[in-house]
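Data block below; observations after.
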Amino acid sequence: MLEKNYNPKEFEEKIYEKWENNGDFKPDMKSDKDAFSIVIPPPNVTGVLHMGHALDNTLQDILIRYNRMLGKKVLWQPGTDHAGIATQMVVERNLAKEGLTRHDLGREKFIERVWEWKKQSGGTICRQLRRLGASCDWSRERFTMDEGLSHAVRKIFVSLYKDGLIYKAKKLVNWDPALETAVSDLEVVQKETLGKMYYYKYPLKDNQNEFIHIATTRPETMFGDTAVAVSKDNKKLSHLIGKTCIIPIINREIPIIADDHADPEKGTGAVKITPAHDFNDFEVGKRHNLPMINILNPNATLNENTPYNGMTTQEARVKTIDELTRLGLMEKIEDHPMVIPYGDRSGVVIEPYMTDQWFVDAPKLAVEARRAVNDKEMVFVPQAYEKTYFEWMNNIQPWCISRQLWWGHQMPIWYGPDETIFCEETEEKAQEAADKHYGKHVDLRRETDVLDTWFSSGLWAFSTLGWPENTEALKTFYPTSVLVTGFDIIFFWVARMMMMSMYMMKRVPFKKCYIHGLVRDEQGRKMSKSKGNTVDPMETIEKYGADALRFFMAASETQGRDINLSDSRIQGYRNFATKLWNASRFCEMNECYSVKDFDISSVKLEINKWIIAKVNEATKEVTDNLNNYRFSDAANAVYQFVWGTFCDWYIELIKPIFYGDNSQEITETRAAAAYVLDRILVILHPFMPFVTTELWNNLATRNVDLIKAPWPQADRVNENDKNEIDWAIDFIGAVRSLRSSMNLPAGAKLHAFVKDVNPESLTIINKQNKLICNLARLEELSLLADKPISKDMVQTVSRDAVILIPLKGIVDFDAERSRLQKELDTLNKNLEGYARKLSNESFVAKAPAAVVEEEKRRQSEALENKEKVEAALARIANF
RNA sequence: GGGUGCUUAGCUCAGCUGGAAGAGCAUCUCGUUUACACCGAGAGGGUCGGGAGUUCGAACCUCUCAGCGCCUACCA
């Protein structure tokens with residue numbers, strides 16, 4: 001027996017455990033159908049589940065469960081990302097509590113600590129995903145630092161290096177002075193800030209009373225200046241080109257050069273060139289072969305190349321300005337809105353910094369990645385995102401992959417005594433190559449840098465399946481079917497996966513890429529810890545159950561748009577689960593158990609034919625929408641059917657049958673109701689796996705677990721099966737509406753008459769008399785024949801029937817007149833429209849025949865209605 | 001600067017290839033009917049941001065104006 005109340009906490013976790021212990025998430029390799037696979041966007045091992053994960057993984061789980069029920073070989077490959085910077089920061093913070101830094105431990109011991117941390121606290125997010133109901137094959141769980149995945153990283157690195165697609169270069173890179181590592185362009189966030197523009201002047205060497213005027217936002221970088229640039233088109237200043245000026249304070253001479261980078265319109269028209277600390281200046285420096293002077297230490301304090309060795313840039317700035325003022329060279333300081341780069345992890349100001357770094361030749365790898373999308377080997381859903389993808393791929397820059405961290409994949413690079421590079425998968429092979437190269441044994445030094453986390457994430461689609469081994473999993477599941485992820489990660493991840501996969505596998509990593517939006521708060525603001533507007537999905541699950549949260553995500557997911565979290569909606573979907581629960585209890589109480597080989601063509605009762613037709617319509621709708629990744633349409637189709645059709649109408653309509661004594665009718669209706677409930681549980685399962693399973697386990701008689709129940713083909717049904725009951729429903733609605741507008745008490749049993757009704761409809765009235773009376777709360781429903789209307793009757797019109805109800809007491813005929821008049825007005829307005837259209841020759845000539853026919857049908861229907869309403873009005877004209 | 005998206009009922013949003021404006025929540029009225037008050041019945045509420053065009057027909061296509069947002073580059 002089902003519990004009286006729907007209480008998800010009672011069963012959700014138990015059901016999940018059972019699935020997992022049964023191995024229900026493992027692919028059915030014996031299936032003769034296609035493979036379907038998804039690799040999870042690996043959450044950071046340090047992560048906890050947020051609403052974005054809840055959305056992303058709900059969508060994946062819906063696709064996975066749907067395809068599993070389709071009978072395919074289905075794999076949802078789970079795992080986590082080692083998240084270099086994030087994880088290192090967590091462990092360093094823990095060390096700090098013990099008063100230690102990573103340097104106190106040394107690299108090896110520190111990495112041990114990270115692994116220890118991972119073992120103890122790294123599983124949180126995977127546990128949370130289970131709570132959400134994610135049916136990943138956890139027996140295949142991977143971690144980007146696993147031995148297998150590390151092997152893949154080394155292999156592809158060596159291959160790229162040997163193909164000349166990875167190279168080392170001394171370049172200006174984004175440097176994070178807090179973490180003391182290079183970061184990629186994508187890891188830098190630009191923030192609007194109100195800064196200052198400083199105007200001052202450099203004396204000329206030849207005549208120290210003559211000056212060149214400079215404007216800069218960063219005066220302290222002047223110690224790294226190696227030129228001042230002026231545009232040769234700058235009439236006011238071009239005479240200075242070729243002369244030499246002097247950097248004050250340090251009195252170093254630098255040339256004044258001609259370069260178009262100096263825009264005569266901006267600033268003073270003359271630009272100080274600091275090639276080692278500014279990306280534009282770096283380019284100018286390269287063009288003019290200027291020296292590059294590094295003035296910063298790795299922690300962004302000024303170094304010995306400046307007079308302010310050891311000061312922070314801020315301190316040095318103040319000092320520089322003071323000194324310039326003292327020398328009488330400072331001219332003015334103005335407020336200046338500007339954009340300053342910050343590290344997205346550390347939150348500190350990023351410095352352009354000259355270092356040796358490793359780069360992937362992304363522009364070359366992008367060629368194939370671009371082509372694959374162009375040729376539709378990989379398709380974005382919604383397709384518009386391919387524009388974003390192309391935009392990025394067309395402007396792609398070399399990818400800086402080296403990080404000066406300890407936690408990550410150490411690069412497979414060894415240096416010989418003369419700095420010759422040996423790139424091999426293992427130290428042994430490197431040693432071998434080196435010994436051969438030098439003709440004797442030499443000691444090698446390994447590169448200490450580790451790889452950008454996204455390097456290993458880029459291999460995720462095939463490395464998790466066992467590559468470089470040619471495993472069964474790789475053969476079966478690669479390329480994967482679809483990747484589901486947020487638009488914010490297209491560049492970070494999708495693009496890198498495409499590049500890496502096309503390079504190594506010569507095939508796309510996934511055939512489709514479904515992109516969804518962000519989950520925002522109720523007001524549509526981005527959720528963030530600092531704003532304090534985050535909602536913990538685990539709390540929501542605790543409160544309403546995982547199914548309610550999942551259904552919310554699915555029902556809210558319309559392509560290409562962000563989702564605003566809404567507690568009232570989630571609550572509404574909890575109510576939906578309750579509704580289903582109670583409907584199931586109704587079925588259970590009335591012994592609706594599914595009948596083996598239930599033959600829908602043998603069904604006799606109209607009401608059962610009707611619900612069978614409707615549930616098959618719903619099945620088709622859900623199926624079509626899932627096939628097209630239209631999650632909200634799919635979810636809403638089940639919702640509407642379950643609540644609006646099955647509960648609100650069918651259950652109410654069959655109650656008289658169950659409370660009656662026609663055993664044949666009862667038997668058929670029990671079987672039909674069970675058939676429909678069975679179908680509901682199946683098509684709802686991908687969205688609400690827990691409650692459907694709990695109900696299935698209690699009610700279903702089919703000898704199959706719901707998680708593997710075959711997805712139904714929509715059964716063929718006769719369109720006419722719906723007509724009779726649809727007519728009755730409209731009729732009931734009209735009576736109810738009349739009662740309500742006349743303020744008739746619900747308890748009052750009434751006698752209703754019909755008049756002017758078509759013969760077919762009269763048949764329905766006779767056949768479904770009990771059913772209509774029951775739901776319309778009528779004592780009796782009969783034909784008025786040709787008797788005249790009496791003064792105590794109210795009237796209304798439903799389709800072709802005029803409904804009349806005699807009332808005890810006085811009818812407010814003025815109210816009735818105005819109600820009928822309003823109806824007549826609407827009809828007249830519609831009729832005008834139909835007439836206008838149908839008398840329009842071009843409409844009749846050019847519109848499709850079906851559209852014209854439909855318009856005619858509506859017209860005649862409205863005409864018929866109009867006559868009835870007019871007749872009704874005429875009857876009460878003198879009352 | 002370049003790219004891209006949005007503007008539909010009080011609120012949050014659907015509306016897929018152009019063919020009579022929808023949902024949920026909120027509001028109002030009625031109802032403790034034997035699955036369910038986490039409920040039922042009924043009702044009100046929109047000239048689909050403004051303007052122009054294409055079309056027999058536009059919330060949907062084109063142009064334009066206004067407002068909001070996101071991504072991206074640059075700003076000495």
For A:Ile321 and A:Met330, which heavy atoms make the closest approach, and how far apart are they? CG2-SD, 4.2 Å
Intermediate values then yes/no, side-chain contact (heavy atoms from CB on, under 4.5 Å), A:Arg836 and A:Phe843: CA-CA 10 Å; A:Arg836 205 181 319 119; A:Phe843 172 73; over 6 Å; no
Expressed in whole Å, how much space separates the P atoms belonging to B:C60 and B:A9? 15 Å
Any base atoms under 4.0 Å from A:Arg858, or only sugar-phosphate, or nothing? Heavy atoms, all strands. base
Can you confirm whether A:Lys829 is buried at NZ, in the sense that more than 12 heavy atoms of other residues, nucleotides or ligands lie under 6.0 Å from that atom? no
Set of ring-ring contact (aromatic ring centres under 6.0 Å, His included) partners for A:Tyr342, sequence neighbours left out: none
Give each protein N/O atom lying under 3.5 Å from an N/O atom of nucleotides 66-71 of chain B, with the pair distance.
none

Of all residues at least two apart in sequence or in a different chain, which pass the ring-ring contact (aromatic ring centres under 6.0 Å, His included) check with A:Tyr629? A:Tyr514
For A:Glu3, does the CD atom have more than 12 heavy-atom neighbours from other residues, nucleotides or ligands under 6.0 Å away? no
For residues A:His261 and A:Glu283, is any side-chain donor paired with an opposing acceptor at under 3.5 Å? no
Categorize A:Pro848 for me: base, sugar-phosphate, or nothing, with a 4.0 angstrom heavy-atom threshold over every strand shown. base
Write down the distance separating the P atoms in B:U62 and B:C16, rounded off to the nearest Å. 14 Å
Taking the nucleotide of RNA chain B with the closest heavy atom to each, which residue, A:Val844 or A:Ile563, is nearer the 5' end? A:Ile563
Going by the rule ring-ring contact (aromatic ring centres under 6.0 Å, His included), which residues pair with A:Phe211 if we only count those two or more places apart in sequence or in a different chain? none
Atom P, compared across B:G19 and B:U64: separation rounded to whole Å: 25 Å
Under the ring-ring contact (aromatic ring centres under 6.0 Å, His included) test, which residues partner A:Trp392, sequence neighbours left out? A:Phe491
Return each pair, listed once, that meets salt bridge (charged side-chain N to carboxylate O under 4.0 Å, His left out) where at least one residue sits in residues 185-197 of chain A; pairs must be two or more places apart or across chains. A:Glu187-A:Arg403, A:Lys196-A:Asp335
I'd like a table of atom pairs between the protein and nucleotides 6-10 of chain B - only N or O on both sides, under 3.5 Å - with the distance next to each one.
| from | atom 1 | to | atom 2 | distance (Å) |
| --- | --- | --- | --- | --- |
| B:C6 | O3' | A:Arg561 | NH1 | 3.3 |

Applying a 4.0 Å non-hydrogen cut-off, can you work out what A:Ala262 is touching in the nucleic acid: base, sugar-phosphate, or nothing? base
C1' atom, B:A14 versus B:C30: distance in rounded Å? 30 Å
With Watson-Crick and G-U wobble geometry limited to distances under 3.5 Å, how should the secondary structure of RNA chain B be encoded in dot-bracket form, using | for bases paired to another strand and [ ] for crossing pairs? (((((((..((((.....[..)))).(((((.......))))).....(((((..]....))))))))))))....
Counterpart residues, salt bridge (charged side-chain N to carboxylate O under 4.0 Å, His left out), relative to A:Asp648 (two or more places apart): none
Residue pairs passing the salt bridge (charged side-chain N to carboxylate O under 4.0 Å, His left out) test with at least one member in residues 268-278 of chain A, sequence neighbours excluded, are A:Asp225-A:Lys272
For each nucleotide in nucleotides 32-42 of chain B, reading 5' to 3', give B when a protein heavy atom comes within less than 4.0 Å of its base, S when such contact involves only the sugar-phosphate, and - otherwise. -B-BB-BSSSS
When you get a sec, tell me which of B:A14, B:C25, B:U12 is the closest nucleotide to the side chain of A:Asp633? B:A14
A:Asp661 CG: over 12 foreign heavy atoms closer than 6.0 Å: no
With salt bridge (charged side-chain N to carboxylate O under 4.0 Å, His left out) as the rule and sequence neighbours excluded, what pairs involving residues 384-399 of chain A come up? A:Lys376-A:Glu386
Candidate nucleotides B:G19, B:C74, B:A23, ranked by approach to the side chain of A:Val339 - the nearest: B:C74
